[in-house]
Number of protein chains: 4
Amino acid sequence: MYFNIDPKKNVPLYEQVIHQVKEMCAKGILQPNEKLPSVRELSSQMVINPNTVSKAYQELERQGVIVTIRGRGTFISEDFTHTFDPRLLKNMKQSLKQIIIDSHYAGITKEELTKWIEEVYKEIGGQKREN
Amino acid sequence: MYFNIDPKKNVPLYEQVIHQVKEMCAKGILQPNEKLPSVRELSSQMVINPNTVSKAYQELERQGVIVTIRGRGTFISEDFTHTFDPRLLKNMKQSLKQIIIDSHYAGITKEELTKWIEEVYKEIGGQKREN
Amino acid sequence: MYFNIDPKKNVPLYEQVIHQVKEMCAKGILQPNEKLPSVRELSSQMVINPNTVSKAYQELERQGVIVTIRGRGTFISEDFTHTFDPRLLKNMKQSLKQIIIDSHYAGITKEELTKWIEEVYKEIGGQKREN
Amino acid sequence: MYFNIDPKKNVPLYEQVIHQVKEMCAKGILQPNEKLPSVRELSSQMVINPNTVSKAYQELERQGVIVTIRGRGTFISEDFTHTFDPRLLKNMKQSLKQIIIDSHYAGITKEELTKWIEEVYKEIGGQKREN
DNA sequence: GTGGTCTAGACCACA
DNA sequence: GTGGTCTAGACCACC
């Protein structure tokens, strides 16, 4: 459980935590039913405010990525169900488009970008969550 | 020159303007040396504050997308030169990774995502900026 | 942390702030990782509008001189990396040429001007930033 | 008489004209008593507004670089006398300091900067105005 | 507490 | 007419 958090980035800390957890799940580093560190543990380990970790956990739970069982702790959820939110899809599509355009302005060719994407899928490929 | 701005989105207004201009340039709707609407014009057209448009224009100029000529107005740059900023590249790569993971969680397959990307490139394909 | 701002000068206030911060960094008065006064603090201290300070800070961050950490404040960067922007170089060269010509018109000899330059380098010499 | 004017620069056009004239004088391209093109001539040659040229000429005359003789035209002044304006000196010194600091941030060493200065003096060296 | 965004409205320099 | 700067004051997200 190593977290890579950079307060200098303009991405909010709590979002970085969310991203990290989701990434580790996708890569299979975190397995379903696995226990996550407590809010206090994680916050002291990362040297950030407990509220920040708490907020991240809440959002992760809202997204169905984790579940907290009162008195027992927080766990990776066993049964992740995709939620087809059309607005979410639209947003992702738009973000993707924006990145493509920006990369285009930065001189990145379609081939390079495709290579990047391949790399990401390779990292998470063997551990595809298919439930 | 139709702009689509949504004040309800959590993306800042001025960034939305930036995105739109860059997208229109990439698609060829805006051609090099073409005049953009004046700050006041665009702001009244979009029903937003002139300062907001101004901020967007200034950032676009910083990125080299447009040039402003004193007392005359703002124009699409004719000579866009890519700047290889390693930090920028890293950020884009990370954003891309995040979108892929999020899309993965939303149940989007690699094939679907690749299709999306193809679509974007098709839109901007014929008008590739090649300087 | 004493700032000298002159609203009567034709140099914009926010640029004066930028210059001052960069000068203090170069002289070693401000050290890497040191915290800068908050936007509100500095603005009330200088009796200028917070937005003006904010604009200066944002530009300084863009230049890599400072970093802002969300909810914590702004700090002098610890790792300043030079960016070789050819346009920037050209501009500086031209400004320099102009000053030399103007000083020439004002009757300043090459020797005097060289002495001025020596003085500036002496001020910042011992504290050279060597990222 | 070739003028190099770039409306895209953030330096006002009329200042660019002033700079050019002064530079050409310093280099000896323009000699004392030499006639300058009329406002109309120059403005049409440069494709800029006559008012802009006029403003430049007025400022040049104020600085004593040129003289206009009603009905005859505008000429490079024969007897240029240095004006020791302490405020002007202070401003130049400050501008110089700022350029040095900025160049320092851009990774330019003292040696490089000195070389730049040498080059400028070499250009204007043989034609030093000493009256 | 921090900075970021936005608005409204003013003034100025430039062309 | 153009964009640039500055102020005053508001609201928000983040920590």
Is it true that, when you exclude D:Arg40 itself, more than 12 heavy atoms of the residues, nucleotides or ligands shown sit nearer than 6.0 Å to its CZ? no
Let's test this: given Watson-Crick or G-U wobble pairing with both distances under 3.5 Å, identify the partner of E:dC14. F:dG1
Side chain to side chain, C:Lys22 and D:Tyr105, heavy atoms closer than 4.5 Å: yes
Is the shortest heavy-atom distance from the side chain of A:Glu61 to the side chain of A:Thr74 under 4.5 Å? no
Please state how far atom CD in C:Glu59 lies from atom P in F:dG4, giving the value in whole angstrom units. 13 Å
Is there a Watson-Crick or G-U wobble partner for E:dA8 with both distances under 3.5 Å, and if so, which one is it? F:dT7
For B:Gln31 and B:Ile76: C-alpha separation, side-chain torsions, deciding distance, then whether side chain to side chain contact (heavy atoms under 4.5 Å, CB included) applies. CA-CA 7 Å; B:Gln31 290 289 334; B:Ile76 304 295; over 6 Å; no
For atom NZ of A:Lys8 and atom P of E:dT2, their distance in whole Å: 21 Å
Look only at the side chain of B:Gln16 and the backbone of B:Val11, and say whether a donor-acceptor pair between them is shorter than 3.5 Å. yes
Just the rounded figure in Å: distance from C1' of E:dA15 to CG of D:Leu42. 15 Å
Sequence-aligned protein contact record of nucleotides 5-15 of chain F, with B where the base is within under 4.0 Å of a protein heavy atom and S where only the sugar-phosphate is: BBBBB----BS
Are the side chains of D:Lys8 and B:Glu78 in touch, meaning some heavy atoms are under 4.5 Å apart? yes
